[in-house]
Amino acid sequence: MISEKTNIAVFISGRGTNLKALILRSKKKRCNYKIVYVISNKKNAGGLRIAKQNKITTKIISRLFLKDEQKKLAKILINKNIKFICLAGFMKILSPYFLNFFKDKIINIHPSLLPKYKGLNTHHRALKSKEKFSGCTIHFVSKKLDSGKIIAKKKVRIFKKDTLQKLEKRVLREENKLYPLVVEKLINS
Ligand code: GRF
């Protein structure tokens, strides 16, 4: 059993499969982190239900998420002793101002093999370009979208008969496995 678990927050906008994977892992006695806060910019995000079922405090941030609000949020997180922030399908850009409060402590999971296919519709673009592989990448969040230092990647084969849905499912399965492992490793390092 780990005596002191590291507090983390997870930022979401949607269904929350990565959040769920992070929560499941955090329940293991030997896991070194604890999710104490889930932030969503969408009040209907499915992940909020998962957080509530697991008795994790949630917070909805406004759709505009102005600089002042980011400052307020940073202070709340600091007061809660949050050491790492995991973005998991969070569809808002965090300002450099916010990032500065958590230097090298905010990570993101992206559904492509970065630096290829930054931004949206990654699977569609990978299929259209007839790539043989896609995958997911975990990286530090920096000022430039999907461009921070890469922490880990997992390659996934693209098959000739793949559809968008099939590829997304295959990559997501790997995302859900990789994210908790990387968070634990990062905290240990
Ligand atoms: C994942 O594919 C993640 O890589 C991307 O958004 C999706 C979020 O999925 N950034 P979920 O909400 O964790 O299920």
Side-chain angles (χ1 to χ4, degrees), residues 8-27 31 33 35-54 56 58-61 63 65 84-94 98-99 102 105-129 131 133-158 162-186:
I8 70 166
V10 183
F11 285 27
I12 59 165
S13 299
R15 70 196 151 184
T17 66
N18 282 297
L19 168 67
K20 191 172 174 187
L22 286 165
I23 294 174
L24 281 179
R25 180 83 181 187
S26 74
K27 295 200 165 167
C31 180
Y33 69 83
I35 302 171
V36 295
Y37 222 163
V38 170
I39 313 283
S40 173
N41 67 315
K42 293 262 165 73
K43 66 175 191 301
N44 298 326
L48 285 171
R49 208 173 337 116
I50 299 170
K52 282 176 190 152
Q53 281 162 357
N54 287 280
I56 300 171
T58 57
K59 184 177 170 61
I60 315 286
I61 50 172
R63 250 184 287 171
F65 202 28
F84 277 95
I85 295 174
C86 299
L87 308 187
F90 184 62
M91 301 302 282
K92 283 274 153 202
I93 308 248
L94 296 167
F98 183 86
L99 297 181
F102 298 94
K105 300 290 177 207
I106 308 182
I107 62 174
N108 179 43
I109 187 154
H110 183 78
S112 79
L113 295 173
L114 289 173
K116 277 193 167 177
Y117 309 114
K118 296 174 182 176
L120 298 174
N121 305 318
T122 55
H123 302 310
H124 173 75
R125 285 150 66 204
L127 285 173
K128 216 174 143 200
S129 304
E131 297 281 358
F133 292 95
S134 185
C136 56
T137 306
I138 297 175
H139 63 93
F140 286 106
V141 175
S142 66
K143 286 175 205 161
K144 261 179 95 185
L145 185 71
D146 301 329
S147 301
K149 190 174 166 229
I150 291 171
I151 304 166
K153 284 191 208 189
K154 177 73 191 182
K155 242 179 172 183
V156 168
R157 186 89 169 89
I158 297 182
D162 259 344
T163 59
L164 199 59
Q165 288 76 12
K166 278 186 184 165
L167 178 60
E168 193 203 349
K169 201 171 158 193
R170 200 175 313 122
V171 173
L172 195 61
R173 206 176 318 137
E174 295 306 327
E175 290 185 36
N176 295 166
K177 281 194 234 160
L178 187 65
Y179 215 176
L181 297 181
V182 166
V183 173
E184 277 207 286
K185 227 171 150 183
L186 209 61

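Counting starts at 1 for both ligands and their atoms, following the listed order.
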Note to self: When you measure from the side chain of Thr122 to the backbone of Leu120, do you find a donor-acceptor pair of N or O atoms at a distance under 3.5 Å?
What the structure shows: no
Note to self: For the backbone of Tyr33 and the side chain of Arg25, can you confirm whether one donor and one acceptor N or O come within less than 3.5 Å of each other?
What the structure shows: no
Check: Would you say the side-chain atoms of His110 pair up with the backbone N or O of Tyr117, donor to acceptor, closer than 3.5 Å?
Finding: yes
Check: Is the backbone N or O of Leu114 less than 3.5 Å from a side-chain atom of Thr137, with the two atoms forming a donor-acceptor pair by type?
Finding: yes
Margin query: Is any side-chain heavy atom of Phe11 closer than 4.5 Å to one of Ile61?
Written below: no
Output, or 'none' if empty, a list of ligand 1-protein atom pairs in which both atoms are N or O and the distance is under 3.5 Å, rounded to 0.1 Å.
residue: ligand 1; atom: 2 (O); partner: Glu175; partner atom: OE1; Å: 3.2
residue: ligand 1; atom: 2 (O); partner: Glu175; partner atom: OE2; Å: 3.0
residue: ligand 1; atom: 4 (O); partner: Ile109; partner atom: O; Å: 3.3
residue: ligand 1; atom: 4 (O); partner: Glu175; partner atom: OE1; Å: 2.7
residue: ligand 1; atom: 4 (O); partner: Glu175; partner atom: OE2; Å: 3.3
residue: ligand 1; atom: 9 (O); partner: Arg15; partner atom: NH2; Å: 3.2
residue: ligand 1; atom: 10 (N); partner: Ile109; partner atom: O; Å: 3.1
residue: ligand 1; atom: 12 (O); partner: Gly16; partner atom: N; Å: 2.9
residue: ligand 1; atom: 13 (O); partner: Thr17; partner atom: N; Å: 3.4
residue: ligand 1; atom: 13 (O); partner: Asn18; partner atom: N; Å: 3.0
residue: ligand 1; atom: 13 (O); partner: Asn18; partner atom: ND2; Å: 2.9
residue: ligand 1; atom: 14 (O); partner: Arg15; partner atom: NE; Å: 2.6
residue: ligand 1; atom: 14 (O); partner: Thr17; partner atom: N; Å: 2.8
residue: ligand 1; atom: 14 (O); partner: Thr17; partner atom: OG1; Å: 2.6

Margin query: Considering only residues two or more places apart or on different chains, which pairs with a residue in residues 163-175 satisfy salt bridge (Lys or Arg N to Asp or Glu O under 4.0 Å)?
Written below: Arg15-Glu168, Asp162-Arg170, Glu174-Lys177
